[in-house]
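Quick note: numbers below take in every heavy atom, side chains included, and nothing from hydrogens, waters or symmetry partners.
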Amino acid sequence: MVVAGALVANGLLLLAQRSRPPELAGMWELPGGKVEPGESPEGALERELREELGVETVVGQQLAGDVDLAGGLVLRAYRVELMSGTPAPLDHSDLRWVDARGLVGADLVDADRAWVPELSGMLRQP
Ligand code: CDP
């Protein structure tokens, strides 16, 4: 399983720009990564966000609908709350906070598009 986090603050959603692999580099995603053996999905997501963004988070509600990825992986997204730190692109090319319009206009990785309607509703409207 792969887990990804929707970090919303002040009506804006944090998007992260992938640096790899070449076919996905430059595209934007909800930050996250693979669940390792022995981890819960929530624990894995908190670890990934600590490693990739340098922040402490608490994982909240799951977004609706898991997404099947190539290779038999399943992608699941959760709301996450920022507890401490300021997100930094430790593993990504760049970070960006988007409102509803910015999310709809972003060059998102395909798998994450499933959550655009649900996420847009949580964000500041233009
Ligand atoms: O960092 P780690 O190697 O654990 O995982 P990753 O390379 O970030 O993600 C594993 C797989 O999930 C890749 O195929 C990503 O493209 C996919 N993924 C995704 O589709 N959407 C996300 N928000 C995060 C990962």
Side-chain angles (χ1 to χ4, degrees):
M1 173 171 288
V2 181
V3 287
L7 180 51
V8 177
N10 302 315
L12 301 175
L13 171 72
L14 186 70
L15 292 182
Q17 187 177 38
R18 290 196 65 99
S19 57
R20 63 186 154 79
E23 59 271 23
L24 294 181
M27 299 184 78
W28 296 82
E29 67 175 7
L30 301 179
K34 295 189 193 77
V35 179
E36 302 292 344
E39 278 185 320
S40 65
E42 292 87 351
L45 184 53
E46 290 170 3
R47 174 186 52 75
E48 288 284 350
L49 298 180
R50 186 180 304 123
E51 290 173 359
E52 295 187 351
L53 305 174
V55 295
E56 292 302 321
T57 55
V58 169
V59 173
Q61 221 185 336
Q62 203 180 311
L63 300 190
D66 292 346
V67 177
D68 290 324
L69 297 175
L73 290 170
V74 172
L75 175 66
R76 176 176 294 173
Y78 294 85
R79 293 285 307 260
V80 299
E81 192 183 342
L82 185 62
M83 301 309 287
S84 66
T86 302
L90 306 178
D91 188 53
H92 287 89
S93 306
D94 200 4
L95 302 178
R96 179 198 280 175
W97 293 94
V98 294
D99 63 9
R101 179 190 289 170
L103 177 61
V104 168
D107 186 17
L108 286 184
V109 299
D110 279 345
D112 294 31
R113 297 204 159 274
W115 297 301
V116 168
E118 182 175 356
L119 288 170
S120 297
M122 301 172 192
L123 302 181
R124 203 185 287 170
Q125 306 295 317

Q: Could you check Leu7 against Leu13 for side-chain contact (heavy atoms from CB on, under 4.5 Å), going step by step and ending with a plain yes or no?
A: CA-CA 6 Å; Leu7 180 51; Leu13 171 72; 5.5 Å; no

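With hydrogens and angles ignored, the 3.5 Å screen pairs a side-chain donor or acceptor of Gln125 with a backbone N or O of Leu123. Checked by atom type and distance alone, the side chain of Glu39 pairs as donor or acceptor with a backbone atom of Glu36 at under 3.5 Å. Side chain of Trp115 to backbone of Ser120: no donor-acceptor contact under 3.5 angstrom is found. Judged purely by atom type and a 3.5 angstrom limit, Glu46 uses its side chain to pair as donor or acceptor with the backbone of Val59. Within the 3.5 Å criterion, the main-chain N or O of His92 finds no donor-acceptor partner in the side chain of Arg18.
Of the inter-residue distances, the one linking Leu103 atom CG with Met122 atom CE reads 10.5 Å to the nearest 0.5 angstrom. Atom CD of residue Glu42 and atom OG1 of residue Thr57 lie 11.0 Å apart, to the nearest 0.5 angstrom. Atoms CE and CG, from Met1 and Asp66 in turn, are 5.5 Å apart once rounded to the nearest 0.5 Å. Here Leu30 contributes atom CG and Leu108 contributes atom CG; the two are 7.5 Å apart, rounded to the nearest 0.5 Å. Residue Trp97 holds its CH2 atom at 8.0 Å from CG of Asn10, rounded to the nearest 0.5 Å. Rounded to the nearest 0.5 Å, atoms CG (Leu75) and CD (Glu29) are 9.0 Å apart.
Residues Gly5 and Leu45 come closest through the heavy atom pair N-CD1, 3.7 Å. The nearest pair of heavy atoms linking Pro31 to Leu53 is CG-CD1, 3.9 Å. Residues Pro41 and Tyr78 come closest through the heavy atom pair CB-OH, 3.4 Å. Minimum interatomic distance between Leu15 and Ala106 (heavy atoms only, all atoms of both residues): CD1-CB, 3.8 Å. The minimum heavy-atom distance linking Leu14 with Pro87 is given by the pair CD2-CB, 3.8 Å. Closest heavy-atom contact between Ala6 and Leu119: CB-CD2, 3.7 Å.
For the pair Leu12 and Arg124, the minimum side-chain heavy-atom distance is below 4.5 Å. Looking only at side-chain heavy atoms (C-beta outward), Val58 and Val80 stay at 4.5 Å or farther from each other. Glu52 is not listed as a side-chain neighbour of Leu90, based on a closest heavy-atom distance of 4.5 Å or more.
Within 6.0 Å of the CD atom in Gln61, the count of heavy atoms belonging to other residues, nucleotides or ligands does not exceed 12.
Following chains of ILVMFWY side-chain contacts shorter than 4.5 Å, one can reach Trp28 starting from Val8, so the two form part of one hydrophobic cluster. Cluster membership check: Leu82 does not share its hydrophobic cluster with Val98, using side-chain heavy-atom separations under 4.5 Å among Ile, Leu, Val, Met, Phe, Trp and Tyr. Follow the hydrophobic side-chain contacts under 4.5 Å out from Val74 and you never reach Leu63; the two are in separate clusters.
Residues in residues 93-120 take part in no salt bridge (charged side-chain N to carboxylate O under 4.0 Å, His left out) pair, two or more places apart or across chains.
In the hydrophobic clustering (ILVMFWY side chains linked at under 4.5 Å, chained through shared members), Met27 is joined by Leu24, Val109.
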